[in-house]
Peer 1: 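This structure is in structure tokens; I'll ask about it shortly.
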Amino acid sequence: MLKRVSRAVTLGGFDQVDALTIGGASPVLIQTMWKDRLSFVDLENQAGEAILERIAALKRMGCALLRFAVPDLEAAEVLGHLAQMVSMPLVADIHFDYKIALRCLDFPIAKIRINPGNIGSRERVEAVLSKAAVKNRPIRIGVNAGSLPLDLRGKTDSGSLSQAEALVEAAERELAIFREFDFSNVLVSMKASSVADTIRANRLLAERTDAPLHIGVTEAGPLIAGVVRNTAALMALLSEGIGDTIRVSLSDTMEREVIAGREILACAIDSGGAMAGGNFAEGSGTAAERAGPRGPGVRIVSCPRCGRNSFDTHGFTERWQPYLYALDKNITVAVMGCAVNGPGEARHADLGITGAGNKVLLFRHGKVIRTIDAGEADMVVAADRAFREELDRL
Ligand code: SF4
């Protein structure tokens with residue numbers, strides 16, 4: 001069994017917006033979603049610069065697409081303005097009002113997501129599709145278990161249709177309308193907060209359409225619960241070759257969603273043939289190709305810490321994580337709590353740091369290359385500086 005072959009959908013590539021291909025032979029891409037409402041005031045002055053820098057940092061971390069909720073026409077104007085300022089392809093997430101989708105299509109917004117459960121009549125969908133076709137913008141049909149069309153919700157309530165079947169039915173109905181209007185620039189997502197429903201729905205639809213699939217568990221919970229639930233669902237689907245973009249939905253920051261996505265993809269690539277079916281490894285190029293143009297990036301190995309520790313591994317990894325994940329280097333970094341096992345345990349690390357009594361040691365491939373003595377006024381600052389210097393040398 002080979003990796004599912006989906007139709008390639010291209011987006012962006014106009015104005016200053018990056019061009020992207022989703023599906024086809026492209027690597028699986030990571031998305032996240034902006035967590036707050038933006039206003040024009042937010043985009044001005046220093047606050048605006050901070051927003052642009054945060055988007056640039058997300059891109060450096062490996063986020064390929066950034067989605068924004070667009071609840072009204074004013075939000076459409078704000079997103080349209082922002083879309084003219086960034087190279088990251090932006091996605092407008094629209095519920096209820098098709099006129100918001102029409103307005104978003106006036107701007108360099110790369111993709112529109114609509115929800116068949118609430119976007120309204122065929123005529124409204126047709127209006128959006130006609131304009132999207134003229135503008136050459138793809139549309140994602142985003143079905144959500146929490147907002148299924150009314151009749152399907154009734155069937156799941158009565159037990160005549162499973163949640164997964166209802167998700168697929170909602171997506172297929174919309175796909176049929178898109179086909180009638182000869183609109184093939186389409187992607188699909190079907191999300192549920194249940195791992196089992198997410199897996200079942202995507203397996204079912206993957207056999208019935210070649211549209212690229214965006215996958216993830218929605219409303220997955222806080223950090224730990226959300227990562228575990230998404231990992232369970234995404235690893236199952238990715239191992240079967242299903243999934244062209246992913247989002248790890250968390251009640252946590254966008255940066256953590258992207259990091260979680262990176263780690264899940266790395267695990268999927270790494271486990272490859274070891275998982276049932278092993279299809280992520282087959283038919284999808286080398287590990288480097290599957291990881292995308294920026295490569296697999298930095299792999300952090302860090303010890304859990306125990307009573308022997310003399311280095312705050314938790315604080316160090318927390319402090320350095322965003323920087324390391326934004327680096328375009330394919331290296332392993334080890335952060336270890338003590339010299340007893342530190343360098344030895346991390347022999348394969350390109351760069352490591354560990355406590356050693358009242359000293360901090362930096363090591364490369366298990367060999368100590370630098371020592372920071374207790375004489376330093378601020379050991380944390382000195383250790384960070386030395387770590388950064390050695391990192392830059394790699
Ligand atoms: S490296 Fe040292 S501190 Fe960390 S878990 Fe191993 S023995 Fe404990």
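Just so it is clear, the model here is predicted, and its values are computed rather than measured. Whatever order the structure lists ligands and atoms in, that order sets their numbers, starting from 1.
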Peer 1: Provide the number and element of each atom of ligand 1 under 4.0 Å from a heavy atom of Asn309.
Peer 2: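 Going through ligand 1 atom by atom, the ones under 4.0 Å from Asn309 are 3 (S).
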Peer 1: Can we say Arg4 and Glu207 salt-bridge, meaning some charged N sits less than 4.0 Å from an Asp/Glu carboxylate O?
Peer 2: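 So Arg4 does not pair with Glu207 through a salt bridge.
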Peer 1: Please list the nearest protein heavy atom to atom 2 (Fe) of ligand 1 with its residue and the distance rounded to 0.1 Å.
Peer 2: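 I find the closest protein heavy atom is Cys338 SG, 2.3 Å.
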Peer 1: Using a strict 4.0 Å threshold on nitrogen-to-oxygen distance, state whether Asp244 and Arg7 make a salt bridge.
Peer 2: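 Between Arg7 and Asp244 there is no salt bridge, as every charged N stays at least 4.0 Å from the carboxylate O atoms.
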Peer 1: For Arg308, counting its heavy atoms only, list the atoms of ligand 1 lying under 4.0 Å from any of them.
Peer 2: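 With Arg308 as reference, the close atoms of ligand 1 come out as 7 (S).
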Peer 1: For atom 7 (S) of ligand 1, what's the nearest protein heavy-atom neighbour? Residue, atom name and distance, please.
Peer 2: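 In this structure, atom 7 (S) of ligand 1 has Asn341 ND2, 3.2 Å as its nearest protein heavy atom.
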Peer 1: What orientation do Trp34 and Phe68 show, parallel under 30°, tilted 30 to 60°, or perpendicular over 60°?
Peer 2: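 The rings of Trp34 and Phe68 lie parallel, inter-plane angle below 30°.
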Peer 1: Starting from atom 4 (Fe) of ligand 1, find the nearest protein heavy-atom neighbour and note its residue, name and distance.
Peer 2: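 It is Cys303 SG, 2.4 Å.
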Peer 1: Give me the residue, atom name and distance of the protein heavy atom closest to atom 8 (Fe) of ligand 1.
Peer 2: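 Of every protein heavy atom, Cys306 SG, 2.4 Å lies nearest to atom 8 (Fe) of ligand 1.
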Peer 1: Does a side-chain N-to-carboxylate-O contact under 4.0 Å join Glu169 and Arg208?
Peer 2: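 The answer is no: the pair does not qualify as a salt bridge.
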Peer 1: With side chain to side chain contact (heavy atoms under 4.5 Å, CB included) as the test, pick out the partner of Asp197 among Gln163, Met190, Glu165.
Peer 2: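 Considering Gln163, Met190, Glu165, a side chain to side chain contact (heavy atoms under 4.5 Å, CB included) with Asp197 is found only for Gln163.
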